[in-house]
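Comments concern the structure below.
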Amino acid sequence: MFALNKLYLLSPEFILLVAAFFVLALDLFGKRRWQKSLPYWTLGGLALAMIASFWLLGHKEAVFGTMAADSFAYFFQLVGEVVMFMVVLAAMDYFPGRTRALGELYALLLSVTLAIVVAVSAIDLIMVYLGMEFLSITSYVLAGFVRENKRSNEAGIKYFLYGSIASAVMLYGMSLLYGLAGTTDLAVIAKTLAAGKSFPGYHWLLFPALLFLTVGFGYKASLVPFHQWAPDVYDGAPTPVSAFLSTASKAVGFALMIRVFLIALPSIQVDWVALLYALSVLTMTVGNFVALRQTSVKRLLAYSSVAQAGYIVMGLVAFNGGIRFASFDGVSGVLFYLLAYAFTNAGAFIAVAALEEHLGSSAFEDYDGLSKRSPFLAAIFFIILLSLGGVPATGGFVGKLLVFGAAIANQFYILAAIAVVNAVVAMGYYLRIVKHMFFVPATEDAEAVPVAMPTRVALIISLVGILLLGIFPGWFMHLATASGLAMVGL
Amino acid sequence: MIPLSWYLIVAALLFVIGFYGALSRRNAIAILMSIELMLNAVNINFLAFWRYLTPEDMAGQVFAIIAITVAAAEAAVGLALVIAIYRSRDTVSVDEVDLLKG
């Protein structure tokens, strides 16, 4: 049984919980002038949580039988914490002036991180549901946070309506799975199903259960056809919030999908591979071709991040039952891709936020001649776009290499071919932004775009992450594979 | 004793009615109510499975209680968002909430 002296395994959770309440209390009871220090406390809490998650990598235990303290969980915790660190930096410039409830904002950003950290550790259906809902509910509030802004408002309600329908469907799937296996523990579900001991006469319910679960995870990961909320919400929500919705929140969807499918449902791998195959093709194709005809950079990035989810899910399709070091096994490709994608896409939305902050819009024309008006912003955005497109020496390239390679190594040639065509199409619209930034001269009255310090730091973190993952991917690939292995073995 | 399948059929019907309502209603409050209907269908499922399969293990009951609690939290946030929308546009019809598209 679990002993209380193992509670240190949950230290990232405790740190974030304490930090969230501390920030809230400081805002409530503190003096007015202390308000300026709120973001720094938030960043401090996130940094501590990051150190804790990093330090705990390599452990392999189950806590209370419902949460896993394994490398897989800590890997995704790190992804979430890094993204939220960048988001808080960007929020320091974006939100003052748009809202007065800054204390609540930082407390909410910390609790959303806590939600991510809890959700990715779940190894029990109840915990999976709780983690997902915790994340969803805090995200609804953040998406609609700028109440005075009609677009933010609308993003909040749309996200809420789609989200709660999807989660109700997922919960129905969970109830069927519980009924079949008689337990909510993922590992025991697998054993019961494999032994053919599921409730007699009801075995056919397994496929509907899988389908309903996929709706829930697919909605979080914005897979087509559960993606309709994504472009509207990314477009309308405050841009730093979109940065985290399109990366960390999506990573949680994938983490839970991997954990539930690999641990609880390996006996019907044939079914979920076929299902995800179809979703993968649909997601990348629809995402890319709709992105082609967008007129706002923010909305274009929204559709591009839908398309990226299609590449990521490819790694899961290509999973052939074993995770091995230095091989194209799919799952470690997914993990690496999500890490690289977190740095890249969060950076992309923060770059958009920096410009929107100044001009109040994100149409293509606003990017004309950006290389002259803000060389710093243009240069970093250029590298981010290269990474999104998958150009060598960036993290995005290595991620694509791993998942495309996994598809080819496991004989999914048609899927790989479709993905390559899609990647080429995507490069087309990424380069369209580059054209506006570097080759279209700015209009006469276009002014220089100053980038404030916190946003600068966030963009530099993104840049360092992209280049580090692109040029020295070895250690991170090792980490991704080790994390995948830890999850399967628990 | 009533067979398990009867409970499951009732739950499935309730779920489908809720799902249909959630997709076809135009009033945000009505959509919210339909979602509650779907969640209640799930709770019937949990309790029926629990009672018939593993009455000695409380997991199903606990899951149902947690689902009810989460549904309450969700409704609180949802109603707050609906109020925010109503204040800024004087409507709760989702058809008229259409600034974002493309």
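In this text, all values refer to a predicted model and were calculated from it rather than measured experimentally. Chain letters run A, B, ... following the sequence lines, proteins first, then strands; residues in each count from 1.
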| query | Which is it for B:Phe46 and A:Thr184 under the side-chain contact (heavy atoms from CB on, under 4.5 Å) test, yes or no, and what are the steps along the way? | reply | CA-CA 11 Å; B:Phe46 275 129; A:Thr184 53; 5.8 Å; no
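- Both the backbone and the side chain of B:Ile85 come within contact range of chain A, judged by heavy atoms closer than 4.5 Å.
- The distance from the CZ atom of B:Arg87 to the CD atom of A:Glu148 is 10.5 Å, given to the nearest 0.5 Å.
- In terms of heavy-atom proximity, B:Leu81 sits nearest to A:Gly144 at CD2-CA, 4.4 Å.
- Contacts between A:Leu130 and chain B at a heavy-atom distance below 4.5 Å involve the side chain alone, from C-beta outward.
- Residues B:Leu100 and A:Asp232 come closest through the heavy atom pair CD1-O, 3.3 Å.
- Neither the backbone nor the side chain of B:Tyr52 has a heavy atom closer than 4.5 Å to any heavy atom of chain A.
- Heavy-atom pairs under 4.5 Å with chain B peak, among A:Val169, A:Leu171, A:Asn149, at A:Leu171.
- Of the inter-residue distances, the one linking B:Phe49 atom CZ with A:Leu177 atom CG reads 10.0 Å to the nearest 0.5 angstrom.
- Residue B:Arg26 qualifies as enclosed at atom CZ: its count of foreign heavy atoms under 6.0 Å is above 12.
- Heavy atoms of B:Val82 lying under 4.5 Å from chain A belong to its backbone as well as its side chain.
- Neither the backbone nor the side chain of B:Ala80 comes within less than 4.5 Å of any heavy atom in chain A.
- The part of B:Phe15 that comes within reach of chain A is its side chain, from C-beta onward, which places non-hydrogen atoms under 4.5 angstrom from that chain.
- The contact between A:Tyr202 and chain B is made entirely by side chain atoms (from C-beta outward), counting heavy-atom distances below 4.5 Å.
- Heavy atoms of B:Leu99 lying under 4.5 Å from chain A belong to its backbone as well as its side chain.
- Of the atoms belonging to B:Ser5, heavy atoms from both backbone and side chain fall under 4.5 Å from chain A.
- With rounding to the nearest 0.5 angstrom, the CD1 atom of B:Ile31 is 5.0 Å from the CG atom of A:Leu161.
- The two residues A:Lys150 and B:Arg89 come nearest to each other via the heavy atoms O-NH2, 2.8 Å.
- At most 12 non-hydrogen atoms from other residues, nucleotides or ligands lie less than 6.0 angstrom from CZ of B:Arg25.
- Contacts of A:Tyr172 with chain B are made by both backbone and side-chain atoms, with heavy-atom separations under 4.5 Å.
- Scanning both residues, B:Ser88 and A:Asn153, for their nearest heavy atoms gives OG-ND2, 3.4 Å.
- When atom types are taken as modelled, the side chain of B:Glu74 and the backbone of A:Ser164 share no donor-acceptor pair closer than 3.5 angstrom.
- For A:Phe207, the CZ atom is densely surrounded, since the number of other residues' heavy atoms within 6.0 Å is greater than 12.
- Expressed to the nearest 0.5 Å, how far CD1 of B:Ile83 lies from CZ of A:Arg147 amounts to 10.5 Å.
- Counting only heavy atoms from C-beta outward, the side chains of B:Thr54 and A:Tyr178 approach each other to under 4.5 Å.
- Contacts with chain B were tallied for A:Ser167, A:Gly182, A:Ser296; A:Gly182 has the most, counting heavy-atom pairs under 4.5 Å.
- Residues A:Ile126 and B:Ala59 come closest through the heavy atom pair CD1-O, 4.0 Å.
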| said: Would B:Leu32 and A:Phe160 count as a side-chain contact (heavy atoms from CB on, under 4.5 Å) here? Give the steps. | reply: CA-CA 10 Å; B:Leu32 216 62; A:Phe160 170 76; 3.0 Å; yes
